[in-house]
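Worksheet: one structure, shown below.
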Amino acid sequence: MNQVKVNLDDRSYPIIIANDNFEHLAKKLVRLNLGTDAIIITNSRIRALYGKKLQKTLNTLKIATHIFNVQDSEKSKSISEYVKIIGKISSIDTKKRLFLIALGGGVVGDLTGFIAATYKRGIAYIQIPTTLLAQVDSSIGGKTALDLPSGKNLIGAFYQPKLVYSNINLIKSLPARQIRSGLAEAVKYGIIVDPKLFSYIEKNYKKILDLDSSCLSYVIKASSLIKAKIVENDERETTGLRTILNFGHTIGHALETAAGYSNLNHGEAISIGMAAAAEIAHSMGILPGIELKRVMAIFKLLKLPLEAKKGDLKAVLSAFLRDKKFINGRIRMVLPSKIGHVFVTENIPYNLIKKIIKKRMAD
Ligand code: GLY
């Protein structure tokens, strides 16, 4: 078992990286004493796999359980789903001390976190991420959110969990494509701050893709440490440090948003975005060619795409320009200067961005 701590005064919490049958979760829950009743929010697929085991673990601790399913889709981060679940929670909330458990990926984590942040002005919740992407990124940091028809994550709160329990066994049943998607975020951490993590992935990519437990554990721990440090120094996105986490996301999000690219998952879209940002940095004379080569090569090793399929360049560019990362109409991107270092800049010629995005859309 490995443990990483997120240090935030009275909002501090541990991230446990385990490879067990919920024993370390049980131990921690006894110490945390979060309540008498746990409300588990999950989806039907994850519930079928791990619901019973989790309920049994909690019941052994004399914690009663209630389990609510949501759809395994971004649609679940809606106001209507929120109202529905809050209604169910309040109907069972009689003389009980409730806490919430997010058992799932990013959607379940965001929704559960926002319910926890707002029900009775805030109750405790824990994250049990069941995707690699959630284990290395979205379960850590306390940003919780719902979507509006006009945009993603437009309603939200900063609200930290009391515990993140990342169990490697829970991601072993994931399709290979989802594992690769999570690895894209780990590669991102390597490029933005951790050349050692980048080299580790380069060296061990085969074992990682084969879900070797000690390799996964290394990658999840290294990623959790980086995310924890960044959140500690910019919990509420006020110092600008969290911005570096957007590396690859500006062009990546444009691809995710533009019609015709629903074939890309998040990790795939940001891989193309990171490749494009690295090329932009190289074209501007900032990133040496040898580093660009390594960046491009790692995506190939991990079977992540470097190109989106040919499509509507105009739609991608307009999604890019509508992105909320644009401050006062200026194009703001995170660019690498070497593996392990990035910086935020607003001085990128738009024609260069256009040229590189076009290049990253296969002809
Ligand atoms: N919940 C994800 C984050 O705070 O970054």
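Atoms within each ligand, like the ligands themselves, are counted from 1 in listed order.
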Notebook entry, point to check: Are Leu103 and Val108 close enough that some pair of their side-chain heavy atoms sits under 4.5 Å apart?
Noted result: no

Next item on the list: Any chance you could measure Leu211, atom CG, to Ile171, atom CD1, to the nearest 0.5 Å?
Entry: 7.0 Å

Checklist line | Close-contact set for ligand 1 against Lys227 heavy atoms, below 4.0 Å | finding: 2 (C), 3 (C), 5 (O)

Next item on the list: Answer yes or no: is there a side-chain heavy-atom contact under 4.5 Å between Leu245 and Tyr189?
Entry: yes

Checklist line | Arg236, Lys143, Glu237, Glu235: member with heavy atom nearest to atom 4 (O) of ligand 1 | finding: Lys143

Note to self: Is Ile140 close enough to touch ligand 1? Criterion: a residue heavy atom under 4.0 Å from a ligand atom.
What the structure shows: yes

Item checked: Under 4.0 Å to a heavy atom of Gly142 - the qualifying atoms of ligand 1, by number -> 1 (N), 4 (O)

Next item on the list: Give yes if a backbone or side-chain nitrogen or oxygen of Asp110 is under 3.5 Å from a nitrogen or oxygen of ligand 1, and no if not.
Entry: no

Notebook entry, point to check: For the atom pair NZ (Lys188) and CG (Leu197), what is the distance rounded to the nearest 0.5 Å?
Noted result: 11.5 Å

Note to self: Would Arg242 count as being in polar contact with ligand 1, using the rule that some N or O on each side must be under 3.5 angstrom apart?
What the structure shows: yes

Margin query: Can a donor-acceptor pair be found, under 3.5 Å and without considering hydrogens, that links the side chain of Asp147 to the backbone of Ser78?
Written below: no

